[in-house]
Engineer: 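The structure that follows is given in the form of C-alpha cells.
All values below come from the heavy atoms of this structure, side chains included, with hydrogens, waters and symmetry mates left out. Start at 1 with the first residue, then count along the sequence. Order of listing sets the numbers, starting from 1, for every ligand and every atom in it.
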Amino acid sequence: MGSASLSCSMEAFVTRLPFSLPRPETSAQITELRPGQGMSATMNRLVVISNRVPLPSAGPRAGGLAVALDGLMEKRGGLWFGWSGALSSSAAEQIPVITTAGNIDYATVDLTPDEHDRYYNGFSNGVLWPLLHSMPDLIQYDRTDAQIYREVNTRLAAQVAPLIGPDDLIWVHDYHLLPLPAALRAQGVGNPIGFFLHIPFAAPDVLESAPDMAELVTSLLAADLIGFQTEGDLANFAAAAALLTGAVRVGGNFVQIDGRRVLLGVFPVEIEPREFARTAEANARKLPVVRLRQSLPGQTLILGLDRLDPTKGLLQRMSGLRRLLETQPEWKRRITLLQIAAISRKEVGSYRALRAAIDRESGNLNGDFGEPDWLPLRMISHGVDRATAAGFMRAARVGLVTPLRDGMNLVAKEFVAAQNPDDPGVLVLSRFAGAAQQLDAAILVNPHDPDAMAEAMARALTMKLADRQARWQDLWNAIESRSPLGWGRMFLAALLRGAVRGGRIELVDEDVRPAAMAGG
Ligand code: F6P
C-alpha cells in the first residue's frame, strides 16, 4: 500500500482513548482478538515514549527527534510520554502531568537532580552517546550512573504503564531508553513495542567497552521491532545481539531469542523537503540573512550548522580550513566559514573540554590567517531558529556537514532542500554520516583527513554551475518524495508485521497488507 492511500485511512480512523484505561491485556489475550477489535497501523492509538518531549510550552521544536515525529503525531494524534524537562526531588512518586494540545496528549514526569546528573548526563550522554558513535575513548564510565540509568527506565515504565490501553501501539525512541522495552514487559505490557535508535549502533568490540551492553541489548530485544538509520547500524546490532545475548539471526531480518522473533529494520529519518525549501526561500529575503550577506562583501559563504558535540567533527573542520588557507592562500579574503555550534549538554565533561578546544582553535585560526578587515572564521556558540538557519543555508555556496559519526544528520538533507535549484550550493558531506547512504551525489569526505577536507572545500568553491545543478538534482531526487510522515507510517506498518510474525498479535485490519510493509 502506498503512503497516499494509507494517509486517507489514517485520518478516517484516528481514535482517542481516555487516560483512565484498564491495564493492558496480556499478549495471549491480544492474540485472540477478532476482526474489528484488532491492531492496525492506522487506527490504534500511538504511544510515543522519548526522553525529551517537545511540549508546546517549550516553544519552537528543534532536534532530530522532534523533526521526525512532530508531523506524524500532529496528523495521527496520540500520547507522548517522557521527561518534562524539569527537576524535582519528588519525581519518583509523581503521577504524569497531562497537557493536551490539538489531538496530542503529552504526559510528562520530572527527573530528580541526581537522576539528571547520572541517567541523562552521566550514562546516556557520558557513556552511551560516545560509545554508540564509536568513540569509546570519550566514555566516562561510572557504575552508579549505569545503575541509576536502569532505575530511571524502570520507574518511567511504571509511570507510563497505567496510561497504556490494550490496543495501543508503543514506540520507544533513542539511547536514553534502551532498557525500556523489557521494563514495560515487566509491568505486564503485552502491546506491540517498537524501538527506534536515532543515533548509530557501534560494532560489538567497541560496545564491550561498557560492561552493561549485554544486559542492555537483551532488554532492547523485548521489543517486537528495532529500527535503525542504516544497514550498517542494523548489521552491528545483529552481530552484537548474537555475540552478547546468543540471539540467532533468522530469515528476513528477524532475530530469534528465547523462542521469540524480533524484527530488525532500516528506516532513515526524513525531512519535509518542500516545506523546508519554501521556508528557505522566504527567509533568504529576511533581515538576518540580508545582514549576513551584506557583512560578506566579495566573499563566498561556507556554512556549518551543528550542536557543539564531539561527534560533529568541529575541530577537524577547522583543521581542514586551516589546511586550505595554508596550501591555497589565494582563498584568503574570498571566503568566510560561518560555523554555528550551539552549546549543548554542557554539564558533560567531554562537551566542556570540546568547547574550550574550539574556543582556542578558532582564536588561533583567526589570529594566524586573519587580516585587519577579514577573518576566515565566525564561530557562534548559540543556535539560530530553524527558519533563519534555512535562509542561511540558501545563502551559502558550500555546506559543510562533516561529522566523525552521525546516525543520519538532517542538516545535510535540509541543506539540499534549502538551495535555489538555478544556482545551488554544494554539500560537502562526511562519509560517516548516515545521510551519506542516500546523498552520495554530495562531495563525500573523510573528516579525519585535513588535506581531503581542504580539497573538498576547494572543489566545492570552484564547481561550475552545470555541475552544481546536476549534483543538486541528484540530491533532491534522493529526498523529494520522502517525508517524516512516510517514515513513521513505514515504521508502524513494520511494527505490526513484527508483532504478528513474533506471535504477539493477530493482524485483523485488511487495510494493512503485510506485502507493503517495510523491514524485511
Ligand atoms: O540525535 C539524537 C537526538 O535525540 C536528537 O533527536 C536530538 O537532536 C538530540 O539528540 C537531543 O539531545 P538532548 O535531548 O540531549 O538535547
Engineer: Checking ring pair (Phe, Tyr, Trp, His ring centres under 6.0 Å) between His116 and each of Phe123, Trp83, Tyr149, which is the one that passes?
Structural biologist: Trp83

Engineer: For ligand 1, which atoms, with element, lie under 4.0 Å from some heavy atom of Ile199?
Structural biologist: 1 (O), 2 (C)

Engineer: Please say whether Tyr120 places an N or O atom under 3.5 Å from an N or O atom belonging to ligand 1.
Structural biologist: yes

Engineer: Can you find an N/O atom of Arg307 closer than 3.5 Å to an N/O atom of ligand 1?
Structural biologist: no

Engineer: Checking contacts here: is it the side chain or the backbone of Arg345 that comes within 4.0 Å of ligand 1, counting heavy atoms only? Could be both or neither.
Structural biologist: side chain

Engineer: If you count the atoms of ligand 1 from 1 in the order shown, which ones are under 4.0 Å from a heavy atom of Gly64?
Structural biologist: 5 (C), 6 (O), 7 (C), 8 (O)

Engineer: Do the side chains of Asp224 and Arg185 get close enough for a salt bridge, i.e. N-O under 4.0 angstrom?
Structural biologist: yes

Engineer: Would you say Lys346 and Arg355 make side-chain contact, with heavy atoms under 4.5 Å?
Structural biologist: no

Engineer: Return all side-chain donor-acceptor pairs below 3.5 angstrom for residues 132-141, not counting sequence neighbours, or 'none' if the list is empty.
Structural biologist:
unit_1 : atom_1 : unit_2 : atom_2 : d
His133 : ND1    : Trp129 : O      : 2.8
Tyr141 : OH     : Asp212 : OD1    : 2.6
Tyr141 : OH     : Asp212 : OD2    : 3.2

Engineer: Pull out every atom of ligand 1 sitting under 4.0 Å from any heavy atom of Arg52, numbered as shown with elements.
Structural biologist: 13 (P), 14 (O), 16 (O)

Engineer: Once salt bridge (charged side-chain N to carboxylate O under 4.0 Å, His left out) is applied, do any residues pair with Glu208, and if so which ones, sequence neighbours excluded?
Structural biologist: none

Engineer: If you measure from the Lys or Arg side-chain nitrogens to the Asp or Glu carboxylate oxygens, is any gap between Arg118 and Asp145 under 4.0 Å?
Structural biologist: yes

Engineer: Below 4.0 Å, non-hydrogen atoms only: which portion of Asp174 touches ligand 1? Side chain, backbone, both or neither.
Structural biologist: side chain

Engineer: Out of all atoms in ligand 1, which are within 4.0 Å of some heavy atom of Leu65? Include the element for each.
Structural biologist: 5 (C), 6 (O)

